[in-house]
Amino acid sequence: MMKLPPGSQTPALWQMLHWIANPFSYMDKCTKDYGDFFTVPLGNKLAPVIFVSNPKALEEILTKDSQEYNAPGDYNQLFEPLLGQQSLIAISGDRHRRQRQLMMPPFHGERMKAYGQLITDITEEVISHWSDGKPFSVRGSMQTISLRVILKAVFGLDEGARYQQLESLLTSMLDEISSPLSVTLLYFPKLRWDFGPMSPWGSFVNQQRQIDQLIYQEIQERRDLPDPSRTDILNLLMSARDEAGEPMTDEELHDELMTLLVAGHETTATAMTWAIYWINKLPDIRAKLLQEIDSLGENPDPSALFRLPYFNAVCSETLRIYPVGMLTFPRVVQSPVELMGYQLEPGTVLMGCIYLTHHREDIYPEPLRFNPERFLERKFSPYEYLPFGGGSRRCLGMAFAQFEMKVVLATIFSRLELTLADNRPVRPVRRGLTSASTPVRIVVTGKRLQPTGTLQTSSV
Ligand code: HEM
């Protein structure tokens, strides 16, 4: 019988509950006891999965994840209730590769940078409602910004009833699904009882139906009134044809849109919230960062912001210390392989453990210290630093998320003086299937530059 790497003997269900309630303490404990290649019972129906945080093993798995290993979409069932069966995340093989190629261009290069002004405008609008001197939790605003950015970029939706309904329904559905209780329902399909909108699962299903309806209405309207001049991603997907010349079905379009909306906004909002925390928490870092951003003048070109070395180091360190995606998607052995001294048979499931890799003492001395300098002193390999995963399923929105993060943060920090509202410790916690911070409360204490956008100076 195949020998798996070591793992805890604690009952599987108990480990699963620990993982759901406090994934960070669970991973810390496992790595302390079993190193950087261990087995956990966190797969479908509590099946064993190997967590990998050894860079050599990660390199092996992620560079060969279309050969000896693969990255099958049907192992991502956890996401299915949220995104559907036709989502990029749920499909595999050639179909997955083609769909990625189709969806990638708007999230890269010049097309991505064209969103710079839109992101600045949305940020200015949102921060114009921040009032002076009153503490508030910053996450809600970050979520509003990232959701608006993705709604406008993906759907090309502007103000209007449908846009507003989608914004509020998506926010409340994702809030509801973020609690450990709701996550338990994602892990244990048998517990998904729909007792109407007052029950947790019923409420989720109810909101999802309303969201689906809005998305299908938008698709129908675009079919009825095609406008080839539109450059948004929905138009791009609608004009694509497969090798048989067939367009995407409504269900496929719906699932891809949901994927981009869900994968693309909470993650970035979390990263920006953490960055605001660290920058305000550490005055030396803040001073250095502001000096660099200010050196670009009053309305910096987003492309120039994107290239600032210290700013880049601060954003990289933010995504290192508490990575939003704690794990990669599963990779599955296809043909017998030897890895880390173990003979692994086809069907063995492995997941890159991003958090533990980012906390290795040998790569990141004092891993719990927020220290952007480490990114200026050393270049890390893609298997030592992988906040966006790697290989055939590397995050589609990697460049876009980093770009958005920088434009939003530069807009905020060049316009406003902020301080943390209190000294309460901020910790990483589970939020749905990703991680986030406990509330980061801030206070606006003053204004810096005269904004050119819609910021209402009277509120500050
Ligand atoms: C800071 C923000 C983000 C983080 C930390 C993040 C992280 C990740 C990670 C770890 C993966 C799994 C990669 C793997 O298995 O190797 C992933 C996949 C994915 N991400 Fe992101 N992501 C972020 C933002 C975004 C944005 C803005 C979008 C879309 C606009 C997006 C869309 C996706 C999609 C579609 C996939 C699945 C790719 C596939 O299956 O081929 N993400 N992301």
Side-chain angles (χ1 to χ4, degrees), residues 52 58-59 61-63 65-66 69-76 78-79 82-84 86-93 95-108 111-112 115 119 142-143 145-147 149-155 232-233 237 255-275 315-316 318-332 349-355 357-358 382-383 385-406 408-409 431 433-436:
V52 186
L58 283 168
E59 178 169 6
I61 298 163
L62 294 175
T63 52
D65 70 353
S66 304
Y69 303 85
N70 68 359
D74 44 357
Y75 277 70
N76 298 332
L78 266 184
F79 292 84
L82 272 173
L83 310 178
Q86 309 297 327
S87 154
L88 183 70
I89 288 173
I91 59 177
S92 314
R95 186 167 163 228
H96 170 252
R97 205 165 27 248
R98 276 197 307 271
Q99 192 69 358
R100 263 181 83 90
Q101 271 166 7
L102 172 69
M103 290 166 70
M104 192 66 99
F107 296 112
H108 272 90
R111 293 208 26 207
M112 171 189 84
Y115 293 124
I119 300 172
M142 293 306 108
Q143 221 167 296
I145 292 173
S146 60
L147 182 55
V149 166
I150 202 88
L151 272 174
K152 290 197 176 180
V154 171
F155 283 80
D232 54 76
I233 298 158
L237 295 176
D255 291 1
E256 274 343 353
L257 292 175
M258 271 308 274
T259 302
L260 295 173
L261 282 171
V262 172
H265 99 276
E266 282 228 327
T267 46
T268 317
T270 296
M272 297 190 301
T273 305
W274 269 123
C315 293
S316 300
T318 302
L319 290 171
R320 178 198 69 82
I321 193 160
Y322 295 122
V324 186
M326 298 171 282
L327 303 171
T328 67
F329 290 123
R331 303 309 201 259
V332 179
V349 184
L350 305 112
M351 291 174 98
C353 191
I354 300 173
Y355 164 73
T357 312
H358 286 185
Y383 313 103
Y385 181 66
L386 64 163
F388 296 97
S392 65
R393 277 198 193 269
R394 191 177 76 179
C395 176
L396 190 82
M398 176 169 109
F400 189 83
Q402 289 168 300
F403 181 68
E404 179 178 349
M405 206 174 154
K406 288 177 183 171
V408 172
L409 294 171
R431 184 176 166 87
L433 297 172
T434 60
S435 78

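Both ligands and their constituent atoms are indexed starting at 1 by order of listing. What you are looking at is a predicted structure, and each value in this text was computed from that prediction instead of being measured.
When each atom of ligand 1 is checked for a heavy atom of Thr268 under 4.0 Å away, the hits are 2 (C), 27 (C). For ligand 1 and Arg331, the ligand atoms under 4.0 Å from any heavy atom of the residue are 14 (C), 15 (O), 16 (O). Each of the atoms 39 (C), 40 (O), 41 (O) of ligand 1 lies under 4.0 Å from some heavy atom of His96. Taking a cut-off of under 4.0 Å to the non-hydrogen atoms of Arg100, the atoms of ligand 1 that pass are 38 (C), 39 (C), 41 (O). Annotation for ligand 1: atoms under 4.0 Å from non-hydrogen atoms of Phe107 are 30 (C).
Note: Cys353 SG to His358 NE2 = 10.0 Å, rounded to the nearest 0.5 Å. The line from NZ of Lys152 to CD1 of Ile233 is 14.5 Å long, rounded to the nearest 0.5 Å. Distance check, rounded to the nearest 0.5 Å: CD1 of Ile119 to NZ of Lys406 gives 12.5 Å.
Heavy-atom separations between Gly390 and ligand 1 include at least one value shorter than 4.0 Å. The shortest separation from a heavy atom of Asn76 to ligand 1 is not under 4.0 Å, leaving the residue out of contact. In this structure, Met398 has no heavy atom closer than 4.0 Å to ligand 1. Distances from ligand 1 to the non-hydrogen atoms of Ile354 include at least one value under 4.0 Å.
When heavy-atom distances to ligand 1 are checked against a 4.0 Å cut-off, Met272 has no atom that comes that close, whether in backbone or side chain. Counting heavy atoms under 4.0 Å from ligand 1, residue Ile150 touches it through the side chain alone.
The protein atom (non-hydrogen) at minimum distance from atom 22 (N) of ligand 1 is Cys395 SG, 3.0 Å. Given atom 4 (C) of ligand 1, the protein heavy atom at minimum distance is Phe388 CE2, 3.5 Å. Among all protein heavy atoms, the one lying closest to atom 26 (C) of ligand 1 is Gly264 CA, 3.4 Å.
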Inset, instruction - Run the numbers on Leu62 and Arg331 for side-chain contact (heavy atoms from CB on, under 4.5 Å), then give the verdict. - result: CA-CA 8 Å; Leu62 294 175; Arg331 303 309 201 259; 3.5 Å; yes
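When each of Leu396, Leu82, Thr259 is checked for a side-chain contact (heavy atoms from CB on, under 4.5 Å) with Ile89, only Thr259 meets the rule. Residue Phe329 is tested with Phe79, Tyr69, Tyr75 for a ring-ring contact (aromatic ring centres under 6.0 Å, His included); the sole match is Phe79.
Residue Pro387 holds the heavy atom nearest to atom 7 (C) of ligand 1 of all those in Gly389, Pro387, Gly325.
Between Tyr322 and Tyr355, the angle of the ring planes stays under 30°, which puts this pair in the parallel group of the 30/60° scheme.
Looking at heavy atoms from C-beta onward, Arg95 lies in side-chain contact with Gln86 at the 4.5 angstrom threshold. Looking at heavy atoms from C-beta onward, Leu102 lies out of side-chain contact with Glu256 at the 4.5 angstrom threshold.
The local environment of CZ in Arg111 is crowded, with over 12 non-hydrogen atoms from other residues, nucleotides or ligands closer than 6.0 Å.
Taking distance alone, with nitrogen or oxygen atoms compared against 3.5 Å, Phe329 approaches ligand 1 more closely than that limit. Of the N or O atoms in Thr328, none lie within a sub-3.5 Å distance of an N or O in ligand 1.
Across every non-hydrogen atom of Ala269 and Ser146, the tightest pair is CB-OG, 3.6 Å.
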